[in-house]
Amino acid sequence: MIRQDVEILLVEDNLDDVELTLHALRQERLANHIDVARDGEEALDFLFCRGPYAHRSFEQAPRVVLLDLKLSKVDGMDVLREIKKDPRTRAIPVVILTASREESDVANGYHLGANGYVQKPVDFDSFRNLVKQLGLYWLVVNEPPPPAAFQVK
Amino acid sequence: MSTDTTERHLADEAARRTGAYTRSLIEASLDPLITIAPDGKITDVNNATEKVTGLSRQQLIGTDFLDYFTDPGKARAGYEQVFREGLVQDYELEIRHRDGHVTPVLYNAAVYRDEAGDVIGVSAAARDISERKRAEEVIRKLNEELAQRARRHAAELEATNKELEAFTYSVSHDLRGPLRHIDGFSKLLLEEYSADLPEDARRYLSRIRDGTRRMGMMVDDLLNLTRVGRKELSMQLTGLSSLLEEAIRDLQPEMATREIEWRIGKLPFVECDPALVKQVFANLLSNALKFTRTRERAVIEVGETTQDGRAVIFVRDNGVGFSMKYVDKLFGVFQRLHRPEDFEGTGIGLATVQRIVHKHGGRVWAEGELNKGATFYLTLEAVESRPGESNSLPRGAA
């Protein structure tokens with residue numbers, strides 16, 4: 001099996017959120033390798049192995065993408081749409097992790113093929129607990145998609 | 001002269017006088033009068049008819065009466081109705097003048113008969129209602145203008161409300177991020193550097209966290225309030241008893257270790273948005289639980305009663321109550337009648353209840369007495385409760 005060097009891709013434009021999320025994940029020793037994309041464009045470059053990430057290959061897909069919706073350049077929903085549209089990336093689990101609980105956002109997210117939708121709580125203890133559960137589920141409990149899932153038919 | 005001739009002569013003279021007298025009355029009438037033969041041909045007219053049509057009686061007599069109306073079909077129907085029923089009253093038609101202008105009239109018409117009782121024609125009188133029509137048109141236009149203005153105001157008001165809701169939403173929404181960061185980093189500081197911090201510093205930090213937590217709750221409640229405001233009602237016939245049961249079930253964590261006596265009465269089935277009305281119960285019951293906390297045994301009563309002939313739902317508790325002096329403040333956003341250290345809360349719960357009830361076209365009000373308890377009443381008006389259905393539907397099915 002190909003070793004997936006990146007376990008979590010965190011797509012988040014707010015540095016405070018990045019730090020708190022990383023802190024929570026590291027504290028639980030859940031992820032050895034987390035990559036952070038600071039905007040939608042960077043996230044797409046990373047996942048589609050282009051631009052500064054041209055050296056990466058599609059086989060190195062992350063186990064899960066934690067995707068914020070409010071992003072600069074390319075909006076979170078558009079990132080999700082691109083990922084789920086392309087057979088080379090479609091199988092990557094994407095969990096929306098956002099401040100919004102707007103019904104339209106939740107509906108849109110699922111409509112575009114999101115694998116989960118989680119609202120960031122204000123309370124840090126709840127937030128940390130939630131990040132821990134996410135990590136536990138996607139990195140330990142969940143069976144990741146095999147390479148065949150990424151092959152273009 | 002023989003007596004016979006003289007008598008006949010006198011009778012003729014009398015008939016001639018009666019005829020002249022009748023004719024003068026007919027001609028003096030301001031209302032256009034006509035008589036029509038069974039075949040629809042005009043047999044007689046008066047001055048007023050000449051005036052309203054712009055034609056002389058020579059031109060009119062012998063022609064088809066239908067020719068002088070804007071709607072011959074309706075004129076014929078009226079004519080046929082006279083024959084069928086013997087008369088018509090206030091039958092609306094429009095007479096066309098030779099120059100083209102039109103006079104709206106109301107017709108009264110009746111058949112007239114010969115000595116044998118056979119119908120020999122129809123006599124009809126028209127009343128010019130131009131003035132009334134003009135007045136009606138003015139009123140109609142004014143009403144239309146008023147309605148238009150009202151519609152415009154309503155639309156403006158709705159737009160302003162929507163803008164306000166959108167503003168409140170985005171502000172509350174954007175406030176959550178920084179709040180989470182303050183809470184997160186103060187928590188990390190407390191956890192990772194606790195040993196290096198003096199007692200006071202730790203206390204200050206925990207105050208900061210209490211503050212952010214409180215603000216977090218307020219922001220969440222505000223968001224919920226605006227969400228309720230923006231949500232379209234999705235109405236369905238709902239058993240309030242089952243909604244109440246669900247709301248009570250959700251409150252179990254708040255009820256642990258408490259002694260609570262529930263007195264649940266029979267509740268009706270109503271047409272409402274179940275998710276929102278469940279929230280009404282949740283907020284009212286949560287308040288009832290909160291404000292009975294100081295009671296050894298809380299008594300919470302929910303039921304239906306009648307006030308002024310109207311079905312009213314009530315939620316009553318034996319808690320700390322409130323002074324009726326402040327009853328006006330009860331449903332305002334951020335209004336609280338208790339000290340935060342006595343009873344926690346954001347002051348948005350009852351505002352949300354009111355918003356939901358108003359959205360349903362209903363009313364909510366409260367009665368209270370300090371240290372005795374509080375009762376909240378509500379109606380879901382738009383939505384008439386249907387006692388018949390509450391009886392016909394099995395309660396267990398709710």
Side-chain angles (χ1 to χ4, degrees), chain A residues 10-30 34 36 38-40 66-72 75-77 95-109 117-135, chain B residues 162 165-194 205-234 253 273 275-276 279 344 346 348 352:
Chain A
L10 178 64
V11 190
E12 172 65 69
D13 69 338
N14 184 296
L15 270 183
D16 290 326
D17 271 325
V18 169
E19 186 167 347
L20 289 174
T21 310
L22 291 183
H23 194 282
L25 284 169
R26 296 226 167 88
Q27 202 171 30
E28 300 298 331
R29 295 179 207 291
L30 273 168
I34 307 158
V36 179
R38 296 292 313 286
D39 59 53
L66 300 181
L67 179 67
D68 191 13
L69 287 182
K70 257 184 153 177
L71 296 172
S72 47
D75 176 46
M77 284 294 177
V95 175
I96 294 171
L97 182 59
T98 178
S100 164
R101 218 184 70 195
E102 271 288 78
E103 225 177 88
S104 61
D105 282 341
V106 183
N108 265 338
Y117 193 109
V118 177
Q119 193 198 20
K120 295 176 196 168
V122 165
D123 175 64
F124 181 66
D125 288 327
S126 316
F127 178 71
R128 186 158 54 185
N129 191 34
L130 188 151
V131 170
K132 174 181 150 185
Q133 285 183 36
L134 274 178
Chain B
K162 279 215 167 108
E165 302 260 345
F167 174 76
T168 312
Y169 184 82
S170 75
V171 166
S172 335
H173 193 267
D174 292 350
L175 285 175
R176 297 178 93 252
L179 265 182
R180 187 171 52 251
H181 305 148
I182 298 169
D183 192 58
F185 289 112
S186 55
K187 173 81 180 189
L188 290 182
L189 190 55
L190 207 52
E191 279 179 1
E192 292 171 15
Y193 298 95
S194 195
L205 271 174
S206 77
R207 286 288 178 90
I208 291 174
R209 300 203 67 223
D210 286 347
T212 55
R213 223 189 326 270
R214 223 168 24 248
M215 187 161 161
M217 282 194 292
M218 284 162 91
V219 161
D220 283 349
D221 285 355
L222 257 186
L223 276 173
N224 188 41
L225 179 66
T226 64
R227 200 174 287 129
V228 165
R230 296 188 303 165
K231 189 177 184 286
E232 293 282 331
L233 290 182
S234 75
D273 185 318
L276 289 182
Q279 205 181 325
E344 73 293 342
T346 58
I348 302 176
T352 308

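So that the names make sense, note that chain A is the first sequence line, chain B the second, and so on, each numbered from 1.
- Proximity to chain B is limited to the side chain of A:Asn14, based on heavy atoms less than 4.5 angstrom apart.
- Between B:Asp174 and A:Lys70, at least one side-chain N (NZ, or NE/NH1/NH2) sits under 4.0 Å from a carboxylate O, which counts as a salt bridge.
- One finds the CG atom of A:Leu20 at 12.5 Å from the NZ atom of B:Lys187 (value rounded to the nearest 0.5 Å).
- Taking CD of A:Gln27 as the reference point, atom CD of B:Glu191 lies at 6.0 Å (rounded to 0.5 Å).
- The residue among B:Met217, B:Met215, B:Glu192 with the most heavy atom pairs within less than 4.5 Å of chain A is B:Glu192.
- Pairing each heavy atom of B:Thr212 with each of A:Val122, the nearest pair is O-CG1, 4.3 Å.
- Counted within 6.0 Å of CD on A:Gln119, heavy atoms from surrounding residues, nucleotides or ligands total more than 12; the atom is thus considered enclosed.
- When all heavy atoms of A:Phe124 and B:Asp183 are compared, the closest pair comes out as N-OD2, 2.5 Å.
- With contacts defined as side-chain heavy-atom distances shorter than 4.5 Å, the pair A:Asp123/B:Arg209 qualifies.
- With a threshold of 4.5 angstrom between heavy atoms, B:Arg176 approaches chain A through its backbone and through its side chain.
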